[in-house]
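Structure record follows, encoded as structure tokens.
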Amino acid sequence: KNEVEQSPQNLTAQEGEFITINCSYSVGISALHWLQQHPGGGIVSLFMLSSGKKKHGRLIATINIQEKHSSLHITASHPRDSAVYICAVNYGGSQGNLIFGKGTKLSVKP
Amino acid sequence: KAGVTQTPRYLIKTRGQQVTLSCSPISGHRSVSWYQQTPGQGLQFLFEYFSETQRNKGNFPGRFSGRQFSNSRSEMNVSTLELGDSALYLCASSVLRGPSEQYFGPGTRLTVT
């Protein structure tokens, strides 16, 4: 059983739409990460969260520790946002390694 | 600062051979983690190194090993390659040990024939 669940698996949107990707996890964590992977493989870290909300440009990430749930929002989506978005968590203690969700493949049509 | 670099970028090997992949972290980063990405299993954790010591290991067979040098560069080795080892191998570095933002390299794409 995957300890990090993402939904949806695939998402197609029209340019300009508001997009939400969800992530849930099963046990207590020390941090949650949102990553972006473009075709070709390169992974970029978008956010690291342990509580509350963070915003960077058109991207917003929120986390609800009690509900073990996080969301990534993209406002005014653009075709260049097309990528795979991956949720990952650090579990408790000093472990730095990440446990990953399966990813959400986003395609934004012009 | 230069980003995380991985060499080689692409590699084709035959079953039974062994392979060594290299990762150079961002200058000043002392923690290096390795991950395997396959279409079926997604991203999975292999090892975490900090100050030349393996701090954590994922659920992979003993054919997968690694090490970290005093300059924080890291290598991973896979012996007796199997077809199922074909994957994108990614390393990531961070300043600190423990939960912190990770910076990923471009990956090494290994194909085993």
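Quick note: numbers below take in every heavy atom, side chains included, and nothing from hydrogens, waters or symmetry partners. Note on naming: letters A, B, ... go to the chains in the order of the sequence lines (proteins, then strands), and numbering restarts at 1 for each one.
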Does atom [atom1] of [X] have more than 12 heavy-atom neighbours from other groups under 6.0 Å away?
| X | atom1 | result |
| --- | --- | --- |
| B:Asn71 | CG | yes |
| B:Arg15 | CZ | no |
| B:Ile12 | CD1 | no |
| A:Lys68 | NZ | yes |

Checklist entry - Does a side-chain heavy-atom distance below 4.5 Å link A:Ile43 with B:Tyr35? => result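 No; the side chains remain at least 4.5 Å from each other.
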
Item to check | Where B:Phe45 and A:Leu98 come nearest, the two heavy atoms and their spacing | outcome: CB-O, 3.9 Å

Checklist entry - So, for B:Gln41 and A:Lys102, which heavy atoms are closest and what is the spacing to 0.1 Å? => result O-NZ, 3.4 Å

Next on the checklist: Need one label for B:Leu90: side chain, backbone, both or neither, based on atoms under 4.5 Å from any heavy atom in chain A.
Outcome noted: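 Answer is side chain: those atoms of B:Leu90 sit under 4.5 Å from chain A.
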
Checklist entry - At a heavy-atom separation under 4.5 Å, does B:Leu43 approach chain A through its side chain, its backbone, both, or neither? => result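 Backbone plus side chain of B:Leu43, per the 4.5 Å heavy-atom cut-off to chain A.
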
Checklist entry - Are B:Val112 and B:Tyr10 connected in the hydrophobic side-chain network, where two residues link if heavy atoms are under 4.5 Å apart? => result no

Checklist entry - Between CD of B:Glu101 and CG of A:Leu46, what distance do you get to the nearest 0.5 Å? => result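 With rounding to 0.5 Å, CD (B:Glu101) is 9.5 Å from CG (A:Leu46).
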
